[in-house]
Amino acid sequence: MALSFNTSNSLYDFVVREGNGVKGVSDLGLPEVPDRYIQPPEERINKQESRTCDAPPIDLSKLNGLEHEKVVDEIVRAAETLGFFQVVNHGVPLELLESLKHTAHKFFSLPLEKKTLYRAGVSPAGPVTRLATSFVPEKEKTWEWKDYISMIYRSDEEALQYWPNLCRELVLEYLKLSSKMVRGIVEILIRNLGVTIDDSKTEQIMGDKVVNFNYYPPCPNPELTVGLGRHSDLGTITVLLQDEIGGLYVKMEEDNDAGKEEWLLIPPIPGALVINIGDILQILSNGKYKSAEHRTTTTSTRARVSVPLFILPIATERIGPFPEAVKNVGFARYREVLMQDYMNKYFGNAHEGKKKIIDFARINSA
């Protein structure tokens, strides 16, 4: 029996309150997306007007050889310009990456009653595991065509107790292997600022970790929707595993000569992981490193998945530019903020781009 959503409340009940998510909408086989998912024209992704990022992936295995400095320069340059780069030979087995993608599909194919055990506000796992849809559907005028489950890491014991049985050990293995790689990249970027920090400070900057399974079901009108709206990432750094379908677009920091926004497609590269700079690393570096706006498309034929790992400071950490980074410029571009306050600002708003969020920490922002 086909459902019709005559009011926004009936759609909200079906998608959010009952936990069907956008997958439930997709499974209905509707010929057109409900109005709530139709993006305003300026927020739609025009693939024809975008180009593909042709930067080759950075080979991290060369950090241990004669090309160490060359690879360091590549990482720094990418962080200073686009804020996104891809890495290979990163120490995470390709079989593990394939298993993660397969398991993400498998989780979202579970019967509704098994998935909704992890629904936000219902799950006994509380904030450790959270199934949700869009970003903040209670506050968004237009919803994103995405469901996701977040798995927050605090300890192995807690993860093994509260994360889904289907994926807990696999995600733990991925988190540990990829965290080693991320730590190396973060240390390179911090040293490039002329900053020397001890292990305890590094742990504070990288103290919290969250792994998501993002699920984008087939969409009857992909040209009218987005999988993720424009935003920059909240934390220090993000690792993203794309599937072979892809659909990630990154905004160039500067507008082009024609005065139009330019978006680059970050193409899937077999075996590669995408690294992107978060707002916190931009603040710590006093603006030297860039957290780029990005967003994703939807597709009409196949479900797509991605697996982001978010690395961020602990909530009680106070975040401000490193003194050495301020000295390099001569003045501070950002004030010191409590991480919890920045998180509240970030999650208290719909995805509306980078500027509205990072201006919360900017000095003399309008």
Looking at [X] and [Y], would you say the former's side chain and the latter's main chain have a donor-acceptor pair under 3.5 Å?
X	Y	answer
Asn276	Phe84	no
Trp145	Tyr216	no
Ser26	Pro218	yes
Asp233	Gly235	no
Arg17	Ser10	no
Thr236	Ile205	yes
Lys354	Ser291	yes
Glu140	Val136	yes
Asn221	Val33	yes
Ser155	Glu158	yes

Closest approach of [X] and [Y], non-hydrogen atoms and distance?
X	Y	answer
Ile280	Leu234	CG1-O, 3.2 Å
Gly19	Leu112	O-CD1, 3.3 Å
Lys23	Lys115	CD-NZ, 3.7 Å
Asp243	Ala303	OD2-O, 4.4 Å
Tyr118	Pro164	OH-CA, 3.3 Å
Tyr346	His231	OH-CD2, 3.5 Å

With a 4.0 Å cut-off, would you call [X] and [Y] a salt bridge?
X	Y	result
Lys355	Asp359	yes
Glu262	Lys251	no
Asp279	Lys345	no
Glu244	Arg302	yes

Under a 3.5 Å threshold, yes or no: a donor from one side chain and an acceptor from the other, between [X] and [Y]?
X	Y	answer
Asn328	Asn286	no
Gln39	Lys141	no
Tyr37	Glu144	no

In terms of heavy-atom contacts, does [atom1] of [X] have more than 12 from other residues, nucleotides or ligands at under 6.0 Å?
X	atom1	result
Glu223	CD	yes
Arg318	CZ	yes
His105	NE2	yes

Linked, directly or transitively: [X] and [Y] (ILVMFWY side chains, under 4.5 Å):
X	Y	result
Leu241	Ile269	no
Tyr342	Leu338	no
Phe322	Val326	no
Phe85	Ile311	yes
Leu166	Leu97	yes

- Message: Could you walk me through whether Lys146 and Thr133 satisfy the side-chain contact (heavy atoms from CB on, under 4.5 Å) test, starting with their C-alpha distance in whole Å, then the side-chain angles of each, then the deciding distance to 0.1 Å, before giving a yes or no?
- Response: CA-CA 6 Å; Lys146 178 198 71 169; Thr133 189; over 6 Å; no
- Message: The test is salt bridge (charged side-chain N to carboxylate O under 4.0 Å, His left out); show your working for Glu80 and Arg77 and say whether it passes.
- Response: CA-CA 5 Å; Glu80 291 176 342; Arg77 185 166 61 251; over 6 Å; no
Name each donor-acceptor pair under 3.5 Å that joins a side chain in residues 65-72 to protein atoms two or more places apart or in another chain, with its distance.
unit_1	atom_1	unit_2	atom_2	d
His68	ND1	Leu63	O	2.7
Lys70	NZ	Glu74	OE2	2.8

- Apply ring-ring contact (aromatic ring centres under 6.0 Å, His included) to the pair Tyr249 and His294, showing each step before the final yes or no. CA-CA 5 Å; Tyr249 287 80; His294 52 285; over 10 Å; no
- Which of Leu228, Val305, Asn214 passes side-chain contact (heavy atoms from CB on, under 4.5 Å) with Tyr148? Answer is Asn214
- Message: For Trp263, run the side-chain contact (heavy atoms from CB on, under 4.5 Å) check against Glu293, Arg51, Met252 and tell me which one passes.
- Response: Glu293
- Item | side-chain contact (heavy atoms from CB on, under 4.5 Å) between Lys139 and Asn349, worked out | CA-CA 7 Å; Lys139 298 187 178 183; Asn349 294 271; over 6 Å; no
With a 4.5 Å limit on heavy-atom distance, are the side chains of [X] and [Y] in contact?
X	Y	value
Ile75	Leu189	yes
Pro308	Val211	no
Ser232	Ile358	no

- Task: Decide salt bridge (charged side-chain N to carboxylate O under 4.0 Å, His left out) for Glu203 and Arg183; before the verdict, give the C-alpha distance in whole Å, the side-chain angles of both, and the deciding distance to 0.1 Å.
- Result: CA-CA 9 Å; Glu203 284 301 317; Arg183 187 183 182 101; 2.5 Å; yes
- Before giving the answer on salt bridge (charged side-chain N to carboxylate O under 4.0 Å, His left out), spell out for Arg168 and Asp156 the whole-Å C-alpha distance, their side-chain angles and the decisive distance to 0.1 Å. CA-CA 10 Å; Arg168 58 183 58 167; Asp156 286 10; over 6 Å; no
- How far apart are the C-alpha atoms of Tyr334 and Gln282, what are their side-chain angles, what is the distance that settles it, and do they pass the side chain to side chain donor-acceptor pair (under 3.5 Å) test? CA-CA 9 Å; Tyr334 304 96; Gln282 177 166 329; 2.8 Å; yes
- Query: Run the side chain to side chain donor-acceptor pair (under 3.5 Å) check on Gln340 and Thr316 step by step: do they pass?
  - Reply: CA-CA 6 Å; Gln340 184 64 66; Thr316 56; over 6 Å; no
